[in-house]
Amino acid sequence: MDTFKSFRFITPRIQYALDHSTKLNEHVEELMELSLKHPFGLVIGARGVLQTCTALIEMIQAKNVLDIGLFTGVSALTWALAIPADGKVISMDVREDEYNSFGKKIIEKSGVAHKIDVRIQPAMQTLHDLIGSGQSEAFDFAFIDANKSDYPNYYLLCLQLVRPGGVIAVDNAFFGESVLKNEKDECGTAIDKLNKMASTNPRIQSVLLPIEDGLHIIVKKVDKK
């Protein structure tokens, strides 16, 4: 499904959009290029996704961020660079081998390693732990880019953890073209379920953008009573 990202599939139109958007930090670019040498490097967030989410973080003045899917640390580093000095990114995954091998040195060099809190266990457990410790509505932004079959569960838990006015960004919201198929596999079914849940929830303002492999922006509405 990663062939739908601009790392491999790029048109003059997409290139123009990337060229005329604020460039990513040099440390992010360094880690991105290094990560692409990994056999599964194409799973990292593409430039268009990272640029869009960085703009959203700036827009809502996010300070506390959930990062579901650590891998080499590209997204965690991007968010850490965008939030204030006292902000925090909680990045979660079931393994840290790639982070230790690829990302850790570059992130330490970037000067924002202190903002990243890595939690190595199933993301579902980390999200439940945060809710259990009284951190509901304590986060401003959440990025979902991990186990696709758990996408609906990640979304529901993030909805509890993100504050009103906060944003949940879901990467790979198309997952190639799997969400368009009549007969979907497990991942396509789960992502399609999340997309439907978000777009029909009256507590949510959502827009599914045709950026890279699909980026679903989900805003938790503020109570206007």
Novice: What are the two closest heavy atoms between Lys115 and Ala85, and how far apart are they?
Specialist: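 For Lys115 and Ala85, the tightest heavy-atom pair comes out as CE-CA, 3.8 Å.
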Novice: Just wondering, are more than 12 heavy atoms of other shown residues or ligands nearer than 6.0 Å to NZ in Lys184?
Specialist: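 More than 12 within 6.0 Å, yes.
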Novice: For the atom pair CH2 (Trp79) and CD1 (Ile57), what is the distance rounded to the nearest 0.5 Å?
Specialist: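 Atom-to-atom, Trp79:CH2 and Ile57:CD1 are 5.0 Å apart.
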Novice: If you take all heavy atoms of Ala82 and Thr54, which pair is closest and at what distance?
Specialist: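 Of all heavy-atom pairs spanning Ala82 and Thr54, the closest is CB-CG2, 4.1 Å.
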Novice: Taking only Lys NZ, Arg NE, NH1 and NH2, and the carboxylate oxygens of Asp or Glu, determine whether Arg119 and Asp117 approach each other closer than 4.0 Å.
Specialist: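 Yes, Arg119 and Asp117 are salt-bridged.
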Novice: Under a plain distance cut-off of 3.5 Å, with no hydrogens placed, do Asp129 and Gln121 share a side-chain donor-acceptor pair?
Specialist: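 Gln121 vs Asp129: donor-acceptor pair found between side chains.
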Novice: I'd like to check Asn25 versus Thr78 (side-chain heavy atoms, cut-off strictly below 4.5 Å). Are they in contact?
Specialist: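 Side chain of Asn25 against side chain of Thr78, heavy atoms only: no contact under 4.5 Å found.
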Novice: How many angstroms lie between OG1 in Thr11 and CD1 in Ile14, if you round to the nearest 0.5 Å?
Specialist: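 Between atom OG1 of Thr11 and atom CD1 of Ile14 there are 3.5 Å.
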Novice: Give a yes or no on whether Lys193 atom NZ has more than 12 heavy-atom contacts from other residues, nucleotides or ligands under 6.0 Å away.
Specialist: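 Counting neighbours around NZ of Lys193, 12 or fewer heavy atoms of other residues, nucleotides or ligands fall under 6.0 Å, so no.
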Novice: Tell me if the NZ atom of Lys105 is crowded by more than 12 foreign heavy atoms within 6.0 Å.
Specialist: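 Not buried by this count: 12 neighbours or fewer within 6.0 Å.
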Novice: One thing to verify: whether Lys220 and Asp223 come together as a salt bridge, which I'm taking to mean a side-chain N less than 4.0 angstrom from a carboxylate O.
Specialist: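 Salt bridge between Asp223 and Lys220, a charged N being under 4.0 Å from a carboxylate O: no.
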Novice: Mind running salt bridge (Lys or Arg N to Asp or Glu O under 4.0 Å) on Glu30 and Lys109 for me, showing each step along the way?
Specialist: CA-CA 11 Å; Glu30 181 184 1; Lys109 181 173 65 174; 3.0 Å; yes
Novice: Look at Asp93 together with Arg95 and state whether they make a salt bridge at an N to O cut-off of under 4.0 Å.
Specialist: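 Between Arg95 and Asp93 there is no salt bridge, as every charged N stays at least 4.0 Å from the carboxylate O atoms.
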Novice: Please round to the nearest 0.5 Å and tell me the distance separating atom CD1 of Ile168 and atom CZ of Phe143.
Specialist: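 CZ of Phe143 is found 13.0 Å from CD1 of Ile168.
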Novice: Do the non-hydrogen side-chain atoms of Gln205 and Lys221 ever get within less than 4.5 Å of each other?
Specialist: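 Answer yes - side chains close enough.
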Novice: Look only at the side chain of Glu212 and the backbone of Gly48, and say whether a donor-acceptor pair between them is shorter than 3.5 Å.
Specialist: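 Judged by distance alone, yes, a pair lies under 3.5 Å.
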Novice: Residues two or more places apart in sequence or in another chain: which of them pass ring-ring contact (aromatic ring centres under 6.0 Å, His included) with Phe174?
Specialist: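 Phe174 satisfies ring-ring contact (aromatic ring centres under 6.0 Å, His included) with no other residue.
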Novice: What I want to find out is whether Glu33 reaches Arg47 closely enough, with some N-O distance under 4.0 Å, to be called a salt bridge.
Specialist: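 Salt bridge between Glu33 and Arg47, a charged N being under 4.0 Å from a carboxylate O: yes.
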Novice: Roughly how far, to the nearest 0.5 Å, is CG of Leu194 from CD1 of Ile144?
Specialist: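 CG of Leu194 is found 6.0 Å from CD1 of Ile144.
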Novice: Quick one: do the Thr22 and Gln51 side chains pair a donor with an acceptor below 3.5 Å?
Specialist: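 Distance-only check fails for Thr22 and Gln51.
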Novice: Can you name the side-chain contact (heavy atoms from CB on, under 4.5 Å) partners of Ala146, sequence neighbours left out?
Specialist: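 Applying side-chain contact (heavy atoms from CB on, under 4.5 Å) to Ala146 gives Ile68, Tyr154.
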Novice: Salt-bridged, Lys23 to Glu29, with N to O below 4.0 Å?
Specialist: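 No, this pair does not count.
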Novice: Between Leu70 and Ile120, is a side-chain contact (heavy atoms from CB on, under 4.5 Å) present by the stated rule, with each step listed?
Specialist: CA-CA 9 Å; Leu70 172 66; Ile120 302 302; 4.2 Å; yes
Novice: Show the numbers, then the answer: is there a side-chain contact (heavy atoms from CB on, under 4.5 Å) between Glu137 and Val162?
Specialist: CA-CA 4 Å; Glu137 299 193 346; Val162 168; over 6 Å; no
Novice: Do Arg163 and Asp140 come close enough that some side-chain heavy atom pair is under 4.5 Å?
Specialist: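 Side-chain contact under 4.5 Å: yes.
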Novice: Consider side chain to side chain donor-acceptor pair (under 3.5 Å). Of Asn172, Asp185, Thr189, Asp171, which one does Lys148 pass it with?
Specialist: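 It is Asn172; the other options fail the test.
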Novice: When rounded to the nearest 0.5 angstrom, what distance separates OH in Tyr155 from CE in Met197?
Specialist: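 These two atoms lie 5.5 Å from each other.
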Novice: Considering all heavy atoms of both residues, which atom of Ile131 and which atom of Ser136 are nearest to each other, and what is their separation?
Specialist: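 Residues Ile131 and Ser136, closest heavy atoms: CG2-OG, 3.8 Å.
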Novice: Hydrophobic cluster membership, with links at side-chain heavy-atom distances under 4.5 Å among I/L/V/M/F/W/Y: are Leu36 and Ile106 in one?
Specialist: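 Yes, one cluster joins them.
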Novice: Are side-chain N/O atoms of His216 and Ser206 paired as donor and acceptor at under 3.5 Å?
Specialist: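 Per modelled atom types, His216 and Ser206 side chains form a pair under 3.5 Å.
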Novice: Going through the checks in order, is the side-chain contact (heavy atoms from CB on, under 4.5 Å) test met by Leu31 and Leu77?
Specialist: CA-CA 9 Å; Leu31 180 51; Leu77 172 59; 4.1 Å; yes
Novice: Restricting to non-hydrogen atoms, name the atom on Leu208 and the atom on Ala173 that form the minimum distance, rounded to 0.1 Å.
Specialist: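 Nearest heavy atoms, Leu208 then Ala173: CD2-CB, 4.0 Å.
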Novice: So do the side chains of Val65 and Ile90 get within less than 4.5 Å of each other, counting heavy atoms only?
Specialist: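 Side-chain contact under 4.5 Å: no.
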Novice: Are more than 12 heavy atoms, taken from residues, nucleotides or ligands other than Gln160, located less than 6.0 Å from that residue's CD atom?
Specialist: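 Correct, the count exceeds 12.
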Novice: What pair of heavy atoms forms the shortest contact from Asp67 to Val89, and how long is it?
Specialist: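 Heavy atoms only, the tightest pair is CB-CG1, 3.8 Å.
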Novice: Ser178 side chain to Phe175 main-chain N or O, any donor-acceptor pair under 3.5 Å?
Specialist: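 Checking the backbone N and O of Phe175 against the side chain of Ser178, a donor-acceptor pair under 3.5 Å is found.
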Novice: Taking atom CD as the centre, does Glu108 end up with more than 12 heavy-atom neighbours from other residues, nucleotides or ligands that are less than 6.0 angstrom away?
Specialist: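 Check passes, neighbour count above 12.
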Novice: According to a hydrophobic-cluster definition based on side-chain heavy atoms being under 4.5 Å apart (Ile, Leu, Val, Met, Phe, Trp, Tyr only), do Phe141 and Val207 belong together?
Specialist: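 Phe141 clusters together with Val207.
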Novice: Rounded at 0.5 Å granularity, tell me how far CD in Gln135 sits from CG in Leu127.
Specialist: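 Gln135 atom CD to Leu127 atom CG measures 11.0 Å (nearest 0.5 Å).
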Novice: Between Ile217 and Leu209, is the side-chain contact (heavy atoms from CB on, under 4.5 Å) condition met? List the steps.
Specialist: CA-CA 7 Å; Ile217 303 300; Leu209 301 172; 3.9 Å; yes
Novice: For Cys187 and Ser149, which heavy atoms make the closest approach, and how far apart are they?
Specialist: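 Nearest pair, atom of Cys187 first, then Ser149: SG-N, 4.4 Å.
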Novice: Taking atom types as modelled, is there a side-chain donor on Asp192 or Asn195 under 3.5 Å from an acceptor on the other?
Specialist: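 Side-chain D/A pair, Asp192 to Asn195: absent.
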Novice: Does one hydrophobic cluster hold both Leu66 and Leu156, with members joined at side-chain heavy-atom distances below 4.5 Å?
Specialist: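 Yes, same cluster.
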Novice: Are Val219 and Ile204 close enough that some pair of their side-chain heavy atoms sits under 4.5 Å apart?
Specialist: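 No. Closest side-chain heavy atoms not under 4.5 Å.
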